[in-house]
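Some notes on the structure that comes next.
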Number of protein chains: 2
Amino acid sequence: MTVSIKDVALKAGVSVATVSRVLGSGPVSDALRARVEEAVAATGYRPNLSARRLRSQHSQTIGLIVSDIRNPFFTAVSRAVEDAAFQAGMRVILCNTDENPDREAMYLRLMQEERVTGLIFAPTRTTLGRLDRAGLDFPVVLIDRSGPSGLYDSVVLDNQQAAAALVGHLHAQGYRRIAGLFGNTSTTAVERHGGYHAAMIEHGLTPDARFVPPYAEAAEAEVAGWLADGSSVVRPDAVMVSNSLLLMGVVKAARKHGLSIPGDLALAGFDNEAWTELVGPGLTVIEQPVHEIGCAAMNLLFERLDVPDRPTRKVVLSGTCVVRGSTAPWEASRV
Amino acid sequence: MTVSIKDVALKAGVSVATVSRVLGSGPVSDALRARVEEAVAATGYRPNLSARRLRSQHSQTIGLIVSDIRNPFFTAVSRAVEDAAFQAGMRVILCNTDENPDREAMYLRLMQEERVTGLIFAPTRTTLGRLDRAGLDFPVVLIDRSGPSGLYDSVVLDNQQAAAALVGHLHAQGYRRIAGLFGNTSTTAVERHGGYHAAMIEHGLTPDARFVPPYAEAAEAEVAGWLADGSSVVRPDAVMVSNSLLLMGVVKAARKHGLSIPGDLALAGFDNEAWTELVGPGLTVIEQPVHEIGCAAMNLLFERLDVPDRPTRKVVLSGTCVVRGSTAPWEASRV
DNA sequence: GTCTGCTGTGGAAACGATTACAAAGACGAC
DNA sequence: GTCGTCTTTGTAATCGTTTCCACAGCAGAC
């Protein structure tokens with residue numbers, strides 16, 4: 001049915017070894033090379049990657065496991081990864097786990113069965129904790145989230161600094177009751193909370209952090225809660241949000257309950273997505289160097305493939321604060 | 001180095017055939033099954049998928065080629081596809097082509113070399129035209145875009161009807177100078193233009209369609225053009241936009257040039273993305289049944305795998321019009 | 001003329017699984 | 001006791017490549 005290298009060899013009147021050498025690299029005379037190429041074209045031959053991989057023990061495949069490709073941060077990273085991979089003649093298997101440790105475990109098993117050349121991985125907090133026991137026999141580069149341990153290479157944003165920058169900015173603009181809203185699954189949120197907490201203390205303010213599931217609805221409910229209680233809870237006049245889904249939830253809640261931004265509630269978050277510019281007065285956010293993060297991860301991976309036993313490295317990149325109307329000066333927004 | 005089925009067989013004191021039967025399906029006594037499972041656990045054995053695929057001639061892999069995963073429509077579809085695939089015990093190779101025919105050709109070649117079980121494909125107009133000559137020897141289901149030919153199964157939105165619905169809605173709200181802004185690469189845009197054109201005629205209005213590259217910047221420049229000319233071009237009082245990137249561009253231009261929505265320009269588009277609810281007065285859009293589209297595609301694929309030579313089918317789904325403030329009645333918005 | 005080395009080629013052994021086939025044992029039916 | 005049938009197991013062929021090895025031919029050095 002399907003045409004194999006044998007058929008090509010037969011048609012060209014050469015051995016399969018010669019065909020293989022023409023397709024790959026190896027010494028072969030011009031005359032035979034021409035005959036083989038003609039036979040390949042005539043038969044419409046396509047090499048079987050499974051067979052090639054089995055024999056050569058090179059999968060030329062890199063795995064990319066992220067929590068959710070719908071998160072534009074990961075979308076951008078994956079594009080960078082894919083570009084780098086194809087430049088290196090490799091394929092990318094993309095998996096998203098929905099922050100579900102079971103799915104992560106399944107995908108890690110798949111990566112092993114596929115014998116991937118390397119893996120770029122944004123693990124949940126749960127999986128990160130047991131990653132050292134996973135027994136992965138290929139290089140791994142962690143992105144976005146990384147543990148304290150130096151077991152794997154990683155590339156991350158300086159989350160503490162970024163969160164502190166947002167708090168500093170809000171403080172400079174005159175806000176004092178600054179709440180923090182964080183996701184409760186990723187280590188990223190933990191680090192951002194660390195930066196938030198430290199900065200609040202440093203500025204002599206009282207930290208007020210909430211951890212919620214990483215969905216817009218959760219953030220919306222949280223904000224609704226502030227308004228419902230009224231008496232018992234001191235409503236913040238600004239909120240720092242640790243990811244863009246939660247940010248969206250806060251905006252939704254503000255619209256729903258008629259809160260003006262920043263008049264009733266100033267707002268600052270993470271990830272400079274296209275829509276943050278368009279919503280209300282524009283949203284102040286930390287912009288991550290998404291493309292660079294993807295590139296850095298691929299570089300770390302290739303370098304480790306080159307020198308398997310060099311010490312692990314952690315690349316820390318800085319975000320930049322994009323200031324927009326959602327954090328206009330406190331006095332001005334009271335007028 | 002890496003442990004193979006042979007090592008497991010040796011450790012369990014059985015033949016490789018028995019190990020294979022335990023892992024797959026086949027008659028094997030409870031005693032041996034237990035010994036094999038123990039050996040698998042002890043050795044940390046993971047089957048080699050390349051070998052399995054080569055021998056069994058089943059790749060258990062489906063390809064998904066889209067123009068750009070950053071397009072939330074494709075993101076949602078891919079999620080549905082992935083879920084269905086994993087439920088069927090299959091893997092998904094995700095490729096995005098950036099609307100580039102060369103990249104498409106490369107990926108199609110890759111699909112052949114991977115011997116995929118089936119392919120779900122959103123082709124560019126260029127590739128769609130020569131798809132019949134591609135000689136693909138696996139089932140293909142086209143999504144989002146589909147040709148007139150009945151060569152492949154497909155699942156699409158009723159684009160004519162959807163575009164006509166938007167025009168009808170704008171007309172009912174009192175708008176008369178309704179421009180249309182369309183991408184210039186996809187057949188989707190062509191169909192939506194068809195619906196727009198027909199509906200305009202039907203309502204006794206003069207069509208005013210522009211085709212631009214599918215980037216936000218292109219839409220932004222187009223709108224800027226309307227304002228710059230001033231005298232020569234009659235500025236539309238409403239615009240129908242054929243995809244969400246262009247929609248974003250129009251919103252950006254409106255903000256930049258101080259156009260109020262819908263006061264100066266009413267706006268209606270496609271794809272009910274989360275941010276369309278949050279921008280300005282909310283944007284009126286056609287919501288596509290994205291999840292159903294993905295599911296329908298997978299169903300078509302599985303049915304064709306079941307009955308390879310049945311006649312091709314085209315599943316046409318309808319969108320729903322989500323009305324928001326960007327298309328408030330003309331009179332009201334003039335007040 | 002022999003020896004060495006280099007180039008191009010083919011034969012055949014892997015790679016790690018599945019699976020066709022054969023064999024061995026158990027069990028009833030006669 | 002013999003025969004057929006059914007279940008469980010092992011042996012070996014096979015999938016489509018790459019790659020090791022052998023070898024033929026040829027050129028140059030001695």
Side-chain angles (χ1 to χ4, degrees), chain A residues 1-37 39-40 43-61 89 91 109-110 112-117 137, chain B residues 1-37 39-40 43-61 89 91 109-117 137-138:
Chain A
M1 222 64 35
T2 168
V3 33
S4 82
I5 200 173
K6 231 169 180 167
D7 304 309
V8 177
L10 201 67
K11 180 131 194 161
V14 300
S15 74
V16 293
T18 300
V19 177
S20 176
R21 278 188 282 253
V22 169
L23 266 45
S25 62
V28 47
S29 67
D30 293 347
L32 285 200
R33 179 178 299 274
R35 286 219 322 260
V36 168
E37 278 167 355
V40 165
T43 53
Y45 166 71
R46 288 284 148 224
N48 182 319
L49 284 186
S50 294
R52 174 175 293 181
R53 289 202 262 252
L54 172 60
R55 173 58 230 226
S56 68
Q57 302 286 71
H58 289 126
S59 67
Q60 301 290 69
T61 299
R91 275 152 287 288
R109 211 160 45 232
L110 176 65
Q112 295 179 281
E113 299 184 354
E114 291 277 5
R115 306 289 194 263
V116 294
T117 306
D137 38 8
Chain B
M1 221 60 35
T2 170
V3 34
S4 84
I5 198 173
K6 232 170 181 168
D7 305 308
V8 177
L10 201 66
K11 179 132 194 160
V14 299
S15 74
V16 294
T18 301
V19 177
S20 177
R21 278 188 280 255
V22 169
L23 266 47
S25 61
V28 46
S29 67
D30 293 345
L32 284 199
R33 179 178 298 276
R35 283 213 332 252
V36 168
E37 279 167 355
V40 166
T43 54
Y45 167 71
R46 288 286 147 224
N48 182 318
L49 284 186
S50 293
R52 176 177 290 179
R53 288 201 264 253
L54 172 60
R55 172 60 230 231
S56 68
Q57 302 287 71
H58 288 126
S59 68
Q60 300 290 70
T61 299
R91 274 150 288 287
R109 212 160 44 232
L110 176 64
M111 294 298 112
Q112 295 180 281
E113 300 186 352
E114 291 276 4
R115 305 291 195 264
V116 294
T117 307
D137 39 7
F138 42 76

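The sequence lines fix the lettering, A, B, ..., with proteins before strands; numbering per chain opens at 1. The analysis underlying the following values was restricted to heavy atoms, covering all of them including side chains, and did not include hydrogens, waters or symmetry mates.
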Atom-pair distance (CD on B/E113; P on D/dC15), nearest Å = 20 Å
Would you mind telling me which of B/T2, B/I5, B/D7 makes a side chain to side chain contact (heavy atoms under 4.5 Å, CB included) with B/Y45?
-> B/I5
Ignoring backbone atoms, establish whether A/S29 has a side-chain N or O less than 4.0 Å from OP1 or OP2 of C/dT7.
-> no
Could you tell me whether B/L32 contacts a base, only the sugar-phosphate backbone, or nothing, with contacts defined as non-hydrogen atoms closer than 4.0 Å?
-> sugar-phosphate
Under the side chain to side chain donor-acceptor pair (under 3.5 Å) test, residues paired with B/S15 that sit two or more places apart | B/T18
Per-nucleotide protein contact along nucleotides 12-19 of chain C, 5' to 3', at a 4.0 Å heavy-atom cut-off (B base, S sugar-phosphate only, - neither), is -BBBBBBB
Interatomic spacing from CD in A/E37 to CG in A/L23 - rounded to 0.5 Å = 8.5 Å
List the atom pairs, donor and acceptor, that lie under 3.5 Å between side-chain atoms in residues 48-56 of chain A and the rest of the protein, sequence neighbours left out.
unit_1	atom_1	unit_2	atom_2	d
A/N48	OD1	A/S50	N	2.8
A/N48	OD1	A/A51	N	3.1
A/R53	NH1	A/S59	O	3.3
A/R53	NH2	B/E114	OE1	2.7
A/R53	NH2	B/E114	OE2	3.1
A/S56	OG	A/R52	O	2.8
A/S56	OG	A/H58	N	3.4

May I have the step-by-step check of side-chain contact (heavy atoms from CB on, under 4.5 Å) for A/R115 and A/Q57, ending in yes or no?
-> CA-CA 8 Å; A/R115 306 289 194 263; A/Q57 302 286 71; over 6 Å; no
Grab the CZ-P distance between A/R33 and C/dT9 for me, whole Å please.
-> 10 Å
Short side-chain to backbone donor-acceptor contact, B/S20 and B/V16, under 3.5 Å | no
